[in-house]
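The next block holds one structure in the form of structure tokens; read it before the comments.
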Amino acid sequence: KTELFDELFVLELANNHWGDLRRGLNIIRTYADLVKRYDIKAAIKLQFRNANTIIHKDYKGRTDIRYIHRTEARVLSVQAYERMVEEIRGQGLITMSTPFDEDSVDMCEDMDIDVIKIASFDLNDWPLVQKVLEKRRPTIVSTGGTSIGDIDRIVGMFNDANVPLAINQCVSIYPSEPGELELNQLAFLVNR
């Protein structure tokens, strides 16, 4: 299954649906038109998180903290996510999601998501990584802000389990300027 990663474009949908299924479907269709026009292999990546458990009870409903408010404002139902996954598949694209908690890993499994992506800040969340590994789905991990030791450990875990793994070199700066991309790390990671 490693050929799945060859020449793969990952098109980020994330929370750009803004909690609106119609907007999410429109983004998927717009991406699909571009993919067809340029004849590329692409995945559309969603993000799954259980807002009930990922936000500490003392912070729920806070509007003065950007990420709390944004997360709560962009919650979709499981049925809405299922509809977006159905649309991605219907457009002939690869389904992909970043789960931010163990419940969301199960959601990936329930929806038969093709590729799971582990965010760089979760690369040493070993219970989450183990849960992803148990699903045996092709996985992409991001490297931004993590140590080479954690990358080595992840690669070893996935190799030992014979689960397809790709490494996404990133710098976790959004948006990034060309001089900040650290593309020299690609050769380093390949050689390692």
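Below, each value reflects all heavy atoms present in this structure, side chains not excepted, and no hydrogens, waters or symmetry copies.
- Taking a 6.0 Å sphere around CD of Glu180, one finds it holds more than 12 heavy atoms contributed by other residues, nucleotides or ligands.
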CA sep, side-chain torsions, deciding dist, call: Ile44, Ile27, side-chain contact (heavy atoms from CB on, under 4.5 Å): CA-CA 10 Å; Ile44 295 183; Ile27 292 169; over 6 Å; no
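- By the 30° and 60° cut-offs, the orientation of the rings of Phe100 relative to Phe121 is parallel.
- Residues Leu76 and Met84 meet the side-chain proximity criterion, which asks for heavy atoms closer than 4.5 Å.
- Residues forming a salt bridge (charged side-chain N to carboxylate O under 4.0 Å, His left out) with Asp58 (at least two apart in sequence, or on another chain): none.
- In terms of the salt bridge (charged side-chain N to carboxylate O under 4.0 Å, His left out) criterion, Arg49 has no residue partners (sequence neighbours excluded).
- Between the side chain of Gln169 and the backbone N or O of Leu181 there is at least one donor-acceptor pair closer than 3.5 Å.
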Check against side-chain contact (heavy atoms from CB on, under 4.5 Å), Val78 and Asp110: CA-CA 10 Å; Val78 171; Asp110 293 345; over 6 Å; no
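- At least one side-chain heavy atom of Lys131 sits under 4.5 Å from a side-chain heavy atom of Asp106.
- Taking the side chain as every heavy atom from C-beta outward, Asn184 and Glu182 approach each other to under 4.5 Å.
- No donor-acceptor pair closer than 3.5 Å links the side chain of Arg29 to the backbone N or O of Gln91.
- Residues Ile88 and Met96 are not in side-chain contact: their nearest non-hydrogen atoms beyond the backbone lie 4.5 Å or more apart.
- Salt-bridge formation is detected for the pair Asp112/Arg137: a Lys NZ or Arg NE/NH1/NH2 atom is positioned less than 4.0 Å from an Asp or Glu carboxylate oxygen.
- Through direct or relayed side-chain contacts under 4.5 Å between Ile, Leu, Val, Met, Phe, Trp and Tyr, Leu189 connects to Val105, Ile116, Ile118, Leu123, Trp126, Leu128, Val129, Val132, Leu133, Val141, Ile148, Ile151, Ile154, Val155, Met157, Phe158, Val163, Leu165, Ile167, Phe188.
- A distance-only check finds no donor-acceptor pair linking the side chain of Arg89 to the backbone of Thr95 [under 3.5 Å].
- Residues Leu186 and Val190 are not in side-chain contact: their nearest non-hydrogen atoms beyond the backbone lie 4.5 Å or more apart.
- Screening Lys117, Gln47, Lys45 against Thr98 for a side-chain hydrogen bond (donor to acceptor under 3.5 Å, both in side chains) leaves a single residue, Lys45.
- A salt bridge does not link Asp6 with Lys41: none of the charged nitrogens is closer than 4.0 Å to a carboxylate oxygen.
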